[in-house]
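Data first, discussion second: the structure below is written as structure tokens.
Residue indices begin at 1 and follow the sequence shown. Just the heavy atoms: all of them, side chains too, but no hydrogens, waters or symmetry mates, feed the values below.
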Amino acid sequence: MRNKVLFIGMHRPNRSPSQRYRFEQYFPFLEANGIQCDLSYLIGEEDDKLLYKKGHYWAKLNIFLKSIRQRRKDIKRAKTYDYIFIQREAFMTGTTWFEKQLVKSEVPVIFDFDDAIWTNDPGQHLGVLGRLKRPEKTSEIISLANKVIAGNQYLANYASEYNKKVEVIPTTIDTRLYQPSFKPERDQLVIGWTGSFSTIKHFEMVLPVLKKLKERFGNKISFSVIGDASYVNDPLNIKGIPWNSATEVEDLQAIDIGIMPLPDEEWTRGKCGAKGLQYMGLGIPTIMSPVGVNTEIIQDGENGFLASSDKEWVDKISRLIESSELREKLG
């Protein structure tokens with residue numbers, strides 16, 4: 001007899017990195033092993049175009065009302081499932097009413113999270129939707145769940161304050177898809193970063209570093225930003241590339257050196273290092289800030305580099321630019 005799992009997410013399939021890496025990529029494996037996976041999401045493709053823009057208040061109200069109706073349907077059908085898997089939250093505002101109703105179904109509830117979502121991301125602009133959120137609801141959801149899955153130990157330590165049944169399952173990539181590609185010797189090396197419009201501020205942390213590298217190496221290097229198509233930096237000749245699921249691996253394979261700069265903050269300590277894992281899975285030498293789980297993923301000088309200061313970033317990227325042998329060794 002097949003087990004049935006209702007996955008509660010915010011976005012349509014293949015839209016949210018968090019959903020893709022935390023559960024969507026496992027669907028084929030789970031289905032092949034007798035587990036039926038049904039995803040209930042709130043924000044469709046057309047909604048996406050409006051929800052994160054300024055204005056459009058009537059359209060946003062309609063999205064909000066439609067989302068309430070969807071979650072009410074989920075509550076009504078909850079008892080037909082063997083498990084309910086909630087990723088991050090069941091609803092986009094500060095309420096936990098929907099989680100409480102799902103728990104009342106007496107179907108075991110699994111809660112999964114991969115960011116420090118009990119706090120706001122510093123520096124992120126909070127629109128109307130952001131102001132309706134209540135980050136502290138995370139502890140309430142954790143306390144309601146029958147099981148909690150955390151993306152790293154930092155998150156698990158937080159969850160353990162509110163629930164004794166906590167497991168760490170790291171964010172992973174599928175190494176059948178992320179395969180190193182042969183890179184012939186080229187006159188110009190690409191230093192690349194992948195992310196989104198909400199994390200581009202982390203890339204901009206190392207702009208002074210990239211400027212110094214450009215002054216030192218000139219046309220021997222170029223820079224690539226994947227995931228924020230609106231990003232432009234004329235002095236460094238950067239035009240952002242949109243994220244595309246069909247070409248994601250191919251776009252990343254064009255990078256010769258992968259970077260993941262992060263500030264050391266409560267929010268970033270909760271991150272699960274997915275950028276670095278993508279680079280590393282493709283055999284790309286990787287440099288990361290020593291923040292959170294990054295220090296577990298990278299053993300400095302063995303399978304990548306950790307860099308804290310601008311000087312370290314410049315020195316370590318320079319070493320990789322100057323040595324194809326070191327790029328190959330670390331990659």
Strictly under 6.0 Å, is that where the ring centroids of Tyr83 and Phe85 end up?
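Ring-ring flag for Tyr83/Phe85: false, centres at least 6.0 Å apart.
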Assert yes or no for the condition that the ring centre distance of Phe91 to Phe64 is strictly below 6.0 Å.
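So the answer is yes for these two rings.
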Passes side chain to side chain donor-acceptor pair (under 3.5 Å), Thr119 versus Tyr158? Steps please.
CA-CA 12 Å; Thr119 186; Tyr158 172 83; over 6 Å; no
Heavy atoms from other residues, nucleotides or ligands near [atom1] of [X] exceed 12 (cutoff 6.0 Å):
X      : atom1 : result
Glu106 : CD    : no
Lys212 : NZ    : no
Lys239 : NZ    : yes
Lys76  : NZ    : no
Gln188 : CD    : yes
Asn33  : CG    : yes
Lys79  : NZ    : yes

Between the side chains of [Y] and [X], is the shortest nitrogen-to-carboxylate-oxygen separation below 4.0 Å, so that they form an ion pair?
X      : Y      : result
Glu322 : Arg216 : no
Asp315 : Arg319 : no
Asp256 : Arg327 : no

Find out whether Gln36 and Asn3 are in side-chain contact, i.e. whether some heavy atom of one side chain is under 4.5 Å from a heavy atom of the other.
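Answer no - side chains too far apart.
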Apply side-chain contact (heavy atoms from CB on, under 4.5 Å) to Thr194 and Gln278, showing your working.
CA-CA 9 Å; Thr194 184; Gln278 287 179 289; 3.8 Å; yes
Val206: side chain to side chain contact (heavy atoms under 4.5 Å, CB included) partners, not counting sequence neighbours
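Side chain to side chain contact (heavy atoms under 4.5 Å, CB included) list for Val206, sorted by chain: Val209, Leu210, Ile259, Pro261, Trp313.
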What distance separates [X] [atom1] from [Y] [atom2], expressed to the nearest 0.5 Å?
X      : Y      : atom1 : atom2 : answer
Leu213 : Ile317 : CG    : CD1   : 5.0 Å
Ile43  : Leu50  : CD1   : CG    : 11.5 Å
Ser289 : Leu262 : OG    : CG    : 5.5 Å

Worked check of side chain to side chain donor-acceptor pair (under 3.5 Å) between Asn14 and Ser245:
CA-CA 7 Å; Asn14 211 27; Ser245 62; 2.9 Å; yes
Quickly, which of Asp38, Val109, Asp74, Ile110 forms a side chain to side chain contact (heavy atoms under 4.5 Å, CB included) with Ile8? Name it, please.
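Of the listed residues Asp38, Val109, Asp74, Ile110, the side chain to side chain contact (heavy atoms under 4.5 Å, CB included) partner of Ile8 is Asp74.
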Which of parallel (below 30°), tilted (30 to 60°) and perpendicular (above 60°) describes Tyr231 and Phe203?
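Answer is perpendicular, since the angle exceeds 60°.
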Would you call the rings of Phe23 and Phe27 parallel, tilted or perpendicular, taking 30° and 60° as the class edges?
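If you compare the ring of Phe23 with that of Phe27, the planes turn out tilted.
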Are any side-chain N or O atoms of Lys271 and backbone N or O atoms of Asp115, one a donor and one an acceptor, separated by less than 3.5 Å?
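No; judged by distance alone, with no hydrogens or angles, the pair does not exist.
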Side chain to side chain donor-acceptor pair (under 3.5 Å) between Arg88 and Thr138, worked out:
CA-CA 8 Å; Arg88 295 171 74 105; Thr138 303; over 6 Å; no
Checking Gln25 against Asp174 for the side chain to side chain donor-acceptor pair (under 3.5 Å) test, could you report, in this order, the C-alpha distance in whole Å, the side-chain angles of both residues, the deciding distance, and whether it holds?
CA-CA 8 Å; Gln25 68 172 341; Asp174 187 344; over 6 Å; no
